[in-house]
Amino acid sequence: MSESLLAVRDVRKAFGPIKALGPVDVDLMPGERLGIIGPNGSGKTTLINCISGFHRPDTGSIVFRGEDITRMPAYRRARFGLSRSFQIPRPFLGMSVFENLLVPMDYCSSAETEKEEIERVEQVLESVGLVERRDHPAELLSQLELRKLELARALAARPRVLIADEAMAGLSEAEIDDVLALLLKLNASGVAVVMIEHIMHAVMRFSQRVICLETGKIIAEGSPDEIVASPQVQKVYFGEQTRR
Amino acid sequence: MKMTRFIIVALLVFATGLMLPKVVSNPYYFYAGYVVLQYVVIATGWNILGGYAGYTNFGSSAFFGAGAYMAAFLFKALGVSIFVQILGACVVGMLLGLATGYLTLRIQGVYFAIATVALVIVLETLVHNTEYLGGASGMTHLADPAPAWFGGQTQYVFCIMLGLAVAAVVLARWIEVSWIGRGFRAIRASEPAAEASGVPTLKLKLLACALSGGVMAAAGAPYPTYTSYLDPVSAFSLLIGLNALAMPLIGGTRSWLGPVIGAVLLASVQQLATVTISSEFNILAVGLVLIAFVVAAPEGLLGLRFRSRAA
């Protein structure tokens, strides 16, 4: 078995008396597509906040690319190749789409010249299908375009791992297909993708491996088929009568 | 406009201003123009933190007052020139900005704004109780005579303030178009998203505090020379803080031009009101104009242009 790109070990997080997460162990292999599911309040967002540096775990360690990043601030994790998008899009309002992507290029990219930077931004815009919106203010984008911008911004940081937090919430079926195709294309370019999602058919189509969380703990882990068949997952998440 | 071209235009403006003492004979215009330019510097400095990075600072007068008192102190203690006084004020303003930022930037929104008001009170109280700086009754500041070329002290400080205004605007413009400015604007829009994009938010906010504080303190440095007298009530006046906030809001906070437009408009109206109606009308004018803009153009005059372009 090859070495994990990302290894989460015995991570726990509590907010006062509320135990939000843990203990949790998660591994992510290079180029893998991992789905994380679970009911609301199960600890999905807390887990990715711990991984991306927005929460500091109470215990445990997080190792990424062979380096312990448990105490590394979020911005340095982004520079180190760990990008994330947000559940609710957070565009840089007051900036154009192009400028939105310049921010991660400025702070994360190894581009040496302004020309290289601009070329890279153009490439990212092309890959997410936002070329025509290049100079539009972020305020004027549609919901789908905002989701794409969120992903594009994460991509501009040249990530090794992309954590997509409910990147398809609120989208139509056609739009979900659009975002799924985009994530698959990214993954094909070598980026490992962690997808946190409530839209089950999207997670099952996308993921090679799925983890189900409940009250902060992993209750099931396996292939999409194994997860759907798991009685525990059915009980806490799908409901007893759910069919695939 | 490219940065180099911008600097050339700015230097041309400065050079033209230097010629004004040879063309304009009435010193009142320099007296009133000084105040307008002083507010260009203050509003531009305020906008670096308040506009670009989105952290509202109500305590601009703390930085202005600290700069003024630092200049007066340096002159009284060491007899240094006004240029060294400005440099000293700038350094003090930056350090004060850094310290304030370090203590307060972990709090956001209205709490940050309240903390900056507290800074004014703390500094004013300190000066009130410092005998060497004249205490509550203030101190006279009899500066060295101005170089003969300028024709008078008022013309001289006007030209110095013009130089400061040009430098502040060039700095603001450079920040705006650079990676630092994009980082500030990302922080203003969403700190978590900025952090996730690799922006070191805390470091950049401290930088914004230091630069903003440095510029606003520099604006205060020539003030003792301008008035020949310095007292804590006028140096730490909350009106300065109110104007510093109102001017960028009126002009627009997204660009360097907004604070300049706001400062020129509001400070000119205030100067006009002072000589035609009463000096007390100043505060009323600021209040009325601010209410009008909050209601009709919350993103300032430049925001109106942006809105019409986006529509």
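Side-chain atoms are counted along with the backbone in the values below, which use heavy atoms only and exclude waters and symmetry mates. Remember, predicted model here, so these are calculated numbers, not experimental data. Letters A, B, ... are given to chains in the order of the sequence lines, protein chains preceding strands, and every chain is numbered from 1.
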message: What residues of residues 65-91 of chain A make heavy-atom contacts with chain B at a cutoff under 4.5 angstrom?
response: A/P73, A/A74, A/Y75, A/A78, A/R79, A/R84, A/F86, A/R90, A/P91
task: Please examine the side chains of A/P57 and A/R12, heavy atoms only from C-beta on, and report whether any two atoms are closer than 4.5 Å.
output: no
message: Side chains of A/V103 and B/R185, heavy atoms from C-beta outward: is any pair under 4.5 Å?
response: no
task: Mind jotting down which residue pairs meet the salt bridge (Lys or Arg N to Asp or Glu O under 4.0 Å) criterion with at least one end in residues 285-298 of chain B? Sequence neighbours excluded, please.
output: none
Contacts of A/K148 that satisfy salt bridge (Lys or Arg N to Asp or Glu O under 4.0 Å) - sequence neighbours left out: A/D178
message: Could you work out, with salt bridge (Lys or Arg N to Asp or Glu O under 4.0 Å) as the rule, every residue matching A/E32, not counting sequence neighbours?
response: A/R209
field: Winner by heavy-atom pair count (cut-off under 4.5 Å) against chain A, out of B/A194, B/A189, B/A186
entry: B/A186
- request: Look at the aromatic rings of B/W256 and B/F6 and report parallel, tilted or perpendicular, splitting at 30° and 60°.
  value: perpendicular
